[in-house]
Amino acid sequence: MNETVRPGSDPDSADLSRWRGEPDALRAWAEIDLAALRANVRSLRARAAGAEVMAVVKADAYGHGMIPCARAAREAGATWLGTATPDEALALRAAGVDGPVLCWLWTPGGPWREAVEAEIDISVSARWALEEVVAAARAAGRMARVQLKADTGLGRNGCQPADWPELTAAARAAERDGLIRVTGVWSHFACADEPGHPSIAAQLTAYRQALATAEAVGLRPEVRHLANSPATLTLPESHFDLVRTGVAMYGISPVPQLGSPADYGLRPVMSLVAKLASVKRVPGGHGVSYGHLYTTPGETTLGLVPLGYADGIPRHASGTGPVLVAGKWRTVAGRVAMDQFVVDLGGDAAEVGDRAVLFGPGDQGEPTAEDWARAAGTIAYEIVTRIGARVPRVYTDSGRRVSTGE
Ligand SMILES: *Cc1c(COP(=O)(O)O)cnc(C)c1O
């Protein structure tokens, strides 16, 4: 039989009533539980023990919807917001979200001036970027807020130790000229999700050296920060003034090999639900979906789930992805197509319109995003972030549907 049950879960107790009340016109939806997000932020603040929390809302808040999540995170006490691209940071401002925002992924051309005028903290890793920011500050007649990023070992963005003395000195000179203010000095971990990895201690040491150099040239940053979600949860000595939490805030464990979200006081924020678009009896030996990778072992009932790789369901989960339908875990039967995939319901009763829960918090018997990550050979970050624009986000707060005004 083409079904699996999570070890320890009781499929007979699966209760889908939580997802019954959705508007009839929706084919599928991602439910975003803002109360869970706020509780996660509070939980992370407690872990950060005195350090401030930056809510990382890049990539449409990891697929959860940037503006509602940014607002909820702020309500729960996240003092900073973090984005990758300038477009994301400016979209926060356009929606009326104020307060500190750090943006870290810049390319020549900016948009520097818009960012300076919107009082966005601009991350600078190299002289070319410092020069473009300084020129924009001069043109705008305003001081730019700059955070200098050191490469302490990740090898991605950030300034190499050999170039750091020159970059910090140039930034200090621009500060003296009244053109910028260096508000932060920061860096990013490579392997914080592998506690004990030797690079972690090496990066901490390199970061302290970068801070010492910055202070020696006269910089006095408001915030010094290094920790992402895994470091926030497992490495208190990395917290400094601020922790930058992304995935943990969305209730996903950044170190799934060490603990579940609940072990860290977190609860998954996104649930992905669809209505069966077809339920039909087919004879044994019937091929299912493109390539006929699955053939019905006997007469059976097939259910059609109207979500596919265009909606972010990984095609790599063909034949492996778990779905809760009619009280049991089913496995994607055959290929995931662009818009749909099939599950084999065996002899179980189901009707069109029945809920198929792909993932959720996991406490109603449904799979989690982590289960999908394992099925598709990826990480849960990617599962939630790739849920497509065609899937409406439905916001709830303590079980009730809320309008976010978008
Ligand atoms: C995405 C990102 C984060 C958040 O990482 P999580 O592991 O999701 O907490 C923090 N800092 C930087 C620079 C990032 O790019």
Side-chain angles (χ1 to χ4, degrees), residues 37 40-41 43-45 47-48 51-64 66 69-70 73 78-89 92 100-107 120-125 129 147-159 184-195 197 199-200 203 207 210 223-236 238-259 261 264-266 268-270 369-370 373 378-386:
L37 187 139
N40 293 340
V41 170
S43 188
L44 291 166
R45 282 177 63 202
R47 288 250 170 204
E52 291 181 71
V53 169
M54 175 186 290
V56 178
V57 294
K58 63 188 179 188
D60 203 24
Y62 294 39
H64 295 64
M66 183 171 71
C69 291
T79 44
W80 283 80
L81 297 173
T83 73
T85 72
D87 285 357
E88 293 168 334
L92 285 169
V101 173
L102 172 64
C103 174
W104 53 72
L105 193 55
W106 296 86
T107 43
I120 289 160
D121 281 51
I122 297 168
S123 178
V124 164
S125 298
Q147 298 210 14
L148 298 178
K149 183 171 191 186
D151 183 356
T152 55
L154 174 60
R156 220 168 59 175
N157 221 335
C159 179
V185 170
W186 72 296
S187 189
H188 194 36
F189 277 119
C191 308
D193 57 341
E194 297 174 55
H197 192 285
S199 69
I200 296 172
Q203 285 200 258
Y207 180 63
V223 282
R224 299 160 299 168
H225 50 109
L226 178 58
N228 53 1
S229 289
T232 301
L233 296 179
T234 65
L235 196 67
S238 71
H239 291 176
F240 295 93
D241 302 315
L242 176 66
V243 298
R244 304 185 307 272
T245 52
V247 84
M249 182 175 74
Y250 305 105
I252 289 168
S253 174
V255 276
Q257 69 282 16
L258 295 187
Y264 293 106
L266 305 169
V269 172
M270 183 190 289
E370 184 60 39
T378 183
I379 54 176
Y381 288 71
E382 187 178 358
I383 297 296
V384 292
T385 303
R386 290 184 62 160

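Just so you know, ligand 1 is whichever comes first in the structure, and atom 1 is the first atom listed for that ligand. Quantities reported herein were computed from a predicted structural model and do not represent experimental measurements.
- The Ser229 neighbourhood of ligand 1 comprises atoms 6 (P), 7 (O), 9 (O), with distances under 4.0 Å to a heavy atom of that residue.
- Judged by distance alone, the side chain of Glu88 and the main-chain N or O of Val57 form no donor-acceptor pair under 3.5 Å.
- Using a 3.5 Å distance cut-off with no hydrogens or angles, the side chains of His188 and Arg244 do pair a donor with an acceptor.
- What you find for Gly265 and Ser43 is that their closest heavy atoms are O-OG, 3.0 Å.
- At least one heavy atom of Pro230 sits under 4.0 Å from some atom of ligand 1.
- For the residues Tyr62, Tyr250, Trp186, Trp104, the heavy atom positioned nearest atom 5 (O) of ligand 1 is part of Tyr62.
- Atom numbering of ligand 1 starts at 1 in the shown order; those under 4.0 Å from a heavy atom of Arg156 are 15 (O).
- Here Leu44 contributes atom CG and Leu266 contributes atom CG; the two are 5.5 Å apart, rounded to the nearest 0.5 Å.
- For ligand 1, the polar-atom distance check against Gly246 finds a nitrogen or oxygen pair separated by under 3.5 Å.
- Of all the heavy atoms of Arg244, the ones lying under 4.0 Å from any atom of ligand 1 are found in both the backbone and the side chain.
- Distances between N or O atoms of Thr245 and those of ligand 1 include no value under 3.5 Å.
- For Phe240 and His225, the ring centers sit 6.0 Å or farther from each other.
- Not a single heavy atom of His225 sits under 4.0 Å from any atom of ligand 1.
- Taking both residues in full, the closest heavy atoms of Asp121 and Gln147 are given as OD2-NE2, 3.0 Å, listed atom of the first, atom of the second, then distance.
- Although no hydrogens or angles enter the test, the distance criterion places no donor-acceptor pair under 3.5 Å between the side chain of His197 and the main chain of Pro195.
- Of the protein's heavy atoms, Tyr381 OH, 2.7 Å lies nearest to atom 7 (O) of ligand 1.
- The Val247 neighbourhood of ligand 1 comprises atoms 6 (P), 8 (O), 9 (O), with distances under 4.0 Å to a heavy atom of that residue.
- Contact of the Tyr250 side chain with the Tyr381 side chain is not registered, since no non-hydrogen atoms from C-beta on lie closer than 4.5 Å.
- Nearest to atom 15 (O) of ligand 1 among the protein's heavy atoms is Lys58 NZ, 2.6 Å.
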